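Some notes on the structure that comes next.
All of these numbers come straight from a predicted model, not from anything done at the bench.
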Amino acid sequence: MIMNKWLRAGLVFALFSLVGCGGGSGSLTEAPTPTPSPSPSPSPSLSPSPSPSPGPSPSPGPSPNPSPTPATSVTISGELSYDFVPHSSNGALNYNLTSEEPIRGAIVQLLSATNTVVDSTVSSDNGTYSLEGLPNTNYRVRVLAELQRSAVPSWSVRVTDNTEGNALYALDGTLVNSGIGDSTRDLHADSGWTGFSYGEPRAAGPFAILDSVYQVLTQLQTAGLTTNLSATELRWSINNSANRGSLANGNIGTSFYDPNIDVMYILGDANGDTDEYDRSVVQHEFGHYLEDALSRSDSIGGSHSLSDRLDMRVAFSEGFANALTALTSNSGIYQDSSGPGQAFGFRFSLENLHSNLGWYSEASVGNIIYDIGDDASEAGDDLNLGLGPIISALSASTYRNSSALTSIYLFADELKKLTDTGADAALDSMLQSHGINGSGPYGAGETDDGGQSVSLPVYYQLSVGGTINVCSRGDRSNFYNALEVRRFIRFDVDNAGTHTIELTNSGQGTGDKNPDAVLFRSGTRLAVFSSGVVNSEIRTITLQTGEHILEVYESANATGAANAGVACFDVNVREGS
């Protein structure tokens with residue numbers, strides 16, 4: 001459950017407060033409120049009376065001009081900006097090229113001396129805002145690290161601090177008298193970089209993260225997105241480190257998306273790894289959220305790299321997230337800084353083919369999806385469909401409700417429903433250039449085993465009442481989400497009611513084995529079979545009609561235990577108990 005936390009003075013991070021008039025840099029202690037100095041306004045003056053004309057009946061002089069009506073409201077406007085630090089060619093951050101960028105799409109509030117919201121608006125794409133208040137009244141301007149849109153497609157995105165009770169970040173101006181005329185107040189969020197290290201405050205961090213998300217959302221809107229998105233948060237703190245432990249203490253391990261609560265955690269440890277300026281990382285994690293919010297994600301997560309041969313669900317999810325940031329940032333590049341002073345890093349191009357090609361490769365999936373959406377056409381890439389069809393394929397009801405688990409096969413099959421035969425042929429050619437030869441949502445006929453002995457077929461077919469033997473394989477360096485660990489079986493239930501699913505150790509492999517399984521229907525997890533009984537797993541369960549998918553694996557292969565290896569099981573599905 002996402003807590004909606006009201007902003008209180010103690011939780012609105014006064015260290016991000018800025019001098020309201022004319023902007024300024026962040027200051028740990030809020031600057032004292034200056035004595036109001038409204039712009040001078042000329043006093044009403046009367047026009048001089050002309051000399052009377054000679055004559056018997058002189059005309060009276062003109063009446064003085066009436067006093068102007070005092071203003072009933074004043075406009076407070078200005079520009080909002082933050083420091084953005086770009087990358088060098090090796091993926092490290094280059095603080096020498098820091099630029100001021102507009103704070104776009106954020107909620108801006110005008111607050112009274114008692115922190116009552118008097119007026120609010122949303123900043124423009126240029127970072128400008130305009131608010132209305134009363135004359136001669138003390139106000140401060142506050143910028144929330146929050147994106148809100150109520151029209152379709154709607155969204156609600158907040159940047160919060162998980163080490164401060166998930167409080168919302170804000171940038172505060174100083175309390176200043178509004179005077180009797182319109183005035184300008186610019187606010188700027190400073191990076192906190194001192195030239196050699198970070199100081200305090202690092203006010204720009206939340207707004208750099210927010211802008212990376214804004215870039216994705218505006219591209220989706222341009223691409224024709226019509227789906228309202230669920231509320232989400234990106235939880236960032238300068239205490240968020242690569243240590244694992246309590247999330248509330250900042251021990252997050254890595255930047256990641258948690259699908260159980262629809263939020264992202266972002267690293268912020270300046271002396272280890274901080275990701276607020278790594279657009280690729282922020283947008284990659286937001287891509288996982290989008291896959292989950294717009295569509296469905298069957299990914300089991302876990303560690304991964306471009307060179308890994310992965311579970312097809314993980315390969316697709318990670319490849320899609322890589323392609324999304326390359327497309328929405330208009331760079332074609334993924335880059336990530338790290339280390340003390342963010343002086344290290346890496347980068348790679350989504351245009352370039354990686355040596356690890358296949359249906360199990362996030363490198364292949366990322367390259368394929370990027371080439372589908374980018375504007376360029378080169379050898380092996382005759383598609384330039386843009387982002388729209390990619391999102392349409394993922395959000396289609398037939399994709400979300402498919403019996404097949406998420407993979408490059410299911411995605412390609414859905415995309416073909418939206419394109420013409422010429423594009424279908426170009427897509428097939430692109431897939432084949434990556435060694436992906438299977439067809440349809442189940443990858444039927446795939447011939448590339450990734451050099452692994454038990455990775456094919458992608459899915460086995462089993463009839464209720466029958467038995468099939470499948471094998472799982474893992475070792476200490478290839479486990480959990482590696483290609484061979486989890487095997488998939490399709491079976492159709494014709495008669496709703498009680499069914500028994502039984503797994504028995506049989507065939508290749510030596511010693512005792514512990515079979516486990518997960519049962520899916522239309523992408524929904526129905527049950528997990530993990531009794532811990534040696535050499536056998538049996539479960540009686542009530543099933544509805546339709547196709548089901550059974551994921552089968554050996555427990556040690558999923559955990560990387562010392563006894564991981566080849567394990568084969570007879571799998572039987574039958575009606576009754």
Side-chain angles (χ1 to χ4, degrees), residues 81-94 97-106 125-127 147 155 157 159 191 204-225 229 232 234 236 255 257 264 266-267 274-291 294 306 317-338 342 345-352 354 362-363 365-376 378 381 384-391 394:
S81 59
Y82 72 97
D83 280 346
F84 181 76
V85 185
H87 291 75
S88 300
S89 58
N90 65 351
L93 291 186
N94 188 343
L97 295 180
T98 298
S99 61
E100 290 190 10
E101 301 297 332
I103 297 176
R104 306 180 292 175
D125 279 352
N126 295 322
L147 304 173
W155 53 67
V157 181
V159 182
S191 69
F207 296 97
I209 292 169
L210 196 73
D211 199 59
S212 291
V213 173
Y214 184 77
Q215 188 177 55
V216 176
L217 290 173
T218 53
Q219 292 270 11
L220 290 173
Q221 185 182 356
T222 301
L225 178 68
L229 299 175
T232 188
L234 295 99
W236 174 84
S255 294
Y257 167 64
M264 291 140 277
I266 307 297
L267 287 168
T274 182
D275 285 336
E276 65 264 34
Y277 298 118
D278 293 333
R279 284 202 191 276
S280 297
V281 174
V282 174
Q283 292 176 345
H284 176 101
E285 299 309 330
F286 194 72
H288 288 317
Y289 155 78
L290 279 176
E291 185 188 10
L294 287 175
L306 297 179
S317 185
E318 301 302 336
F320 164 73
N322 290 342
L324 179 75
T325 181
L327 286 168
T328 56
S329 66
N330 297 312
S331 68
I333 299 293
Y334 188 102
Q335 50 194 347
D336 183 10
S337 64
S338 62
Q342 313 314 306
F346 70 91
R347 59 185 273 149
F348 62 88
S349 170
L350 272 292
E351 280 281 18
N352 298 336
H354 193 272
E362 73 168 278
V365 172
N367 181 264
I368 290 167
I369 295 178
Y370 178 77
D371 278 345
I372 289 169
D374 73 342
D375 292 332
E378 58 273 332
D381 172 17
N384 49 9
L385 303 180
L387 189 59
I390 295 171
I391 299 303
L394 289 176

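Between Gln221 and Trp155 the shortest side-chain heavy-atom distance falls below 4.5 Å.
Taking the six-membered ring for Trp and thresholds of 30 and 60 degrees, Tyr277 and Phe84 have ring planes more than 60 degrees apart, a perpendicular arrangement.
The heavy-atom pair separating Leu327 from Gly373 by the smallest distance is CD2-C, 3.6 Å. Nearest heavy-atom pair across Gly319 and Val365 is CA-CG1, 3.9 Å.
Using a distance-only test at 3.5 Å, with no hydrogens or angles considered, no donor-acceptor pair links the side chain of Ser191 to the main chain of Ala204. Within the 3.5 Å criterion, the main-chain N or O of Leu350 finds a donor-acceptor partner in the side chain of Asn367. At distances below 3.5 Å, not a single donor-acceptor pair connects side-chain atoms of Ser88 with backbone N or O atoms of Asn90. Looking at Ser280, its side chain does come within 3.5 Å of a backbone N or O of Gln335 through a donor-acceptor pair. In terms of modelled atom types and a separation under 3.5 Å, the side chain of Thr218 and the main chain of Gln215 share a donor-acceptor contact. For Glu285 (side chain) and Tyr257 (main-chain N/O), a donor-acceptor pair under 3.5 Å exists by modelled atom type. At distances below 3.5 Å, not a single donor-acceptor pair connects side-chain atoms of Glu100 with backbone N or O atoms of Ser81.
Partners of Phe348 under the ring pair (Phe, Tyr, Trp, His ring centres under 6.0 Å) rule, at least two apart in sequence or in another chain, are Tyr334. The ring pair (Phe, Tyr, Trp, His ring centres under 6.0 Å) search around Tyr82 returns none, not counting sequence neighbours. Here Glu101 pairs with Ser99 under the side chain to side chain donor-acceptor pair (under 3.5 Å) rule; sequence neighbours left out.
A donor atom on one side chain and an acceptor atom on the other are found under 3.5 Å apart for Asp278 and Ser337. With no hydrogens or angles considered, a side-chain donor-acceptor pair links Ser317 and Glu291 at under 3.5 Å.
Note that the CD atom of Glu276 and the CD atom of Gln342 stand 7.5 Å from one another [nearest 0.5 Å]. A distance of 11.0 Å separates CD1 in Ile209 from CG in Asp211, rounded to the nearest 0.5 Å. The CZ atom of Arg279 sits 4.0 Å away from atom OG of Ser212, with the distance rounded to the nearest 0.5 Å. With rounding to the nearest 0.5 Å, the separation of CG in Leu387 from CD in Gln219 is 7.0 Å. The CG atom of Asp336 lies 12.5 Å from the CZ atom of Arg347; values are rounded to the nearest 0.5 Å. The distance from atom CG of Asn126 to atom CD1 of Ile103, rounded to the nearest 0.5 Å, is 13.0 Å.
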